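Notes to accompany the following structure.
A quick note: this is a predicted structure, and the numbers were derived from the prediction, not measured.
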Amino acid sequence: MKNNNRKRKRSAFFMALILTASILLGSVWSAERVQAAAKGDYYIKVNKGTNVVTVYKNDGTPYTAFTCSTGYATPLGTFYTPAKYRWWTLDGPSYGQYCTRITGSILFHSVWYYQQTKNSQSYVQYNKLGTTASHGCVRLTVAASKWIYDNCPTGTKVIIFNGKAKDDPLGKPKTITVKGYQGWDPTDPDKDNPYKTRDTKPVITVSKKVLEYGSDFGTGNMTCKDSGGFDITDWVKMTGTVNTKKIGTYPVTYSVIDSFGRTATKKVTYKVVDKNPVTLTGVKKTLTQNVGDTVNLRSGLQATDAAGVNLTSKIAIYIKAPSADSYTKFTGKKYTFEESGIYQLKYRVKNPNNGRIITKTQKITVQIPEKPIFHSVYDWKEITPKEEQRELYWELLMTDVTAELLDGTDVTELVEITITTPSGETVTLKESESYVFREKGTYELVYRVTNPKVDTGDNTTEHTRTLTYQTQMKAEVVLDE
């Protein structure tokens, strides 16, 4: 009995061995047949290192790419697809759609489902696309696995290798993230898909085409939703540039390919405008001046727009004197304060880019000064006496000069003239005194007058002029007796 059992076991072993050999030979024969029968337009490369599937035309031109999930058990090498299955039972058991066998138990297929129904997909596994996550198969979105299923016949060459990003000529397509359980693959084109992706395209929306100068462009107020309603704004590519620091118009083109393989483009012309008021500097809020002072009201002012264009010449000045009821436009540069009190000034400039007006105010308190005021008919020009004028009286040196207080009091007779000779000697002349020149050369004359009504403070006014004399003789002061 034992011998019979041994014979039966031996016979079963040899039969199994023969059957295994037949299967192996059949597999080789079938792979050769499949390879020879392939008439497709594409071949496929799977980069395990980046989890990217790139489809090439038979002439070697990259055609399209998909993000995938491979596994550590995914084999490397060159294979020819031997079969396809609309649904296939996977480990678990679990189920995959649009399956294309690569070799042995390794397939292209959708992210797996708990049941053989389209509403039972694992969204956790779907969100792992782009990472190493499978048991060895090449997981894809339904849209990607269906594309291979529809467009790559059995016998299509598949090369699996372990590369880097530089080996993916079309880059790595982005994938959407499913938030919450829906049970459906968002890319499934089925009309019952609750994501409503059937025959729809991505939508690019630009909410604001007028941009403020100097603003942050960011995404340019552009948003994009894919065929399933998922936000894929950061997938969008922009052709063209926008410089928000330069006023002008900028045409750009947005384009996107979503995870369904659907494309959208949108052309937009942005306009960068200056919405800001002019920047006006140099206006002091308060000042103090004296009656009779002449001031350049434009000194130190500067106006620029947001782009740095100088608009200083566009500043308009309006003045309201202490005795006036309204403002008067002042078009000059220098202004003389003729009365004491409070002057109100407005500095106004309009931005020509947008019409916005900025106004800054200034209050100038004008007071009666303690210093007397000199007046010179000839604007203090140099004196050149004739040679026979050896003696010059104070009255002659004062011919074109008068002095008064702000209240109108004449103080000309109080003026003293200090003369400094070419050799450095000094002498002071008062009313009715004279000076006899003995040196030729240039003399410095300092006219000085003090307010007799004020004992303290800055109450003295001085002015300097020069005198040139040509004849040399003894100099002396002669008092008029």
Side chain to side chain donor-acceptor pair (under 3.5 Å): pairs with one or both residues in residues 311-324, sequence neighbours excluded: N310-T312, S323-E339
Identify, with sequence neighbours excluded, every residue that meets salt bridge (Lys or Arg N to Asp or Glu O under 4.0 Å) alongside [X].
{"X": "K371", "value": "D458"}
{"X": "K271", "value": "none"}
{"X": "D325", "value": "none"}
{"X": "K346", "value": "none"}

Applying side chain to side chain donor-acceptor pair (under 3.5 Å) to T428 and T418, what does each step give before you reach the verdict? CA-CA 4 Å; T428 300; T418 299; 3.2 Å; yes
Could you tell me the separation between the CD atom of E444 and the OG1 atom of T466, rounded to the nearest 0.5 Å? 8.5 Å
Heavy-atom count around Y63 OH within 6.0 Å, excluding the residue itself: above 12?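 No, not enclosed.
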Does K350 NZ have over 12 foreign heavy atoms under 6.0 Å away?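 Incorrect, the count does not exceed 12.
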Got a sec, which residues hit side-chain contact (heavy atoms from CB on, under 4.5 Å) with [X], two or more places apart in sequence or on another chain?
{"X": "I257", "value": "T263"}
{"X": "V210", "value": "V273, K275"}
{"X": "N354", "value": "D274, N351, R356"}

Can you tell me which residue pairs pass the salt bridge (Lys or Arg N to Asp or Glu O under 4.0 Å) test with a partner in residues 139-148, sequence neighbours excluded? K146-D150
Tabulate below the donor-acceptor pairs under 3.5 Å that side-chain atoms of residues 241-252 make, not counting sequence neighbours, or state none.
| residue | atom | partner | partner atom | Å |
| --- | --- | --- | --- | --- |
| N243 | OD1 | K245 | N | 3.0 |
| T244 | OG1 | S215 | O | 2.8 |
| Y250 | OH | N243 | O | 3.2 |
| Y250 | OH | K246 | O | 2.8 |

Any idea how Y56 and Y43 line up, ring-wise: parallel (<30°), tilted (30 to 60°), or perpendicular (>60°)?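 If you compare the ring of Y56 with that of Y43, the planes turn out parallel.
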Residues in ring pair (Phe, Tyr, Trp, His ring centres under 6.0 Å) with Y254, at least two apart? none
For Y213, give me all partners under ring pair (Phe, Tyr, Trp, His ring centres under 6.0 Å), at least two apart in sequence or on another chain.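 None.
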Verify whether one side chain among T288 and T365 offers a donor that lies under 3.5 Å from an acceptor in the other.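 No donor-acceptor contact under 3.5 Å links the two side chains.
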Verify whether one side chain among N51 and S69 offers a donor that lies under 3.5 Å from an acceptor in the other. no
Do any N or O atoms from the side chain of Y378 and from the backbone of I383 form a donor-acceptor pair under 3.5 angstrom?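 No; zero donor-acceptor contacts below 3.5 Å.
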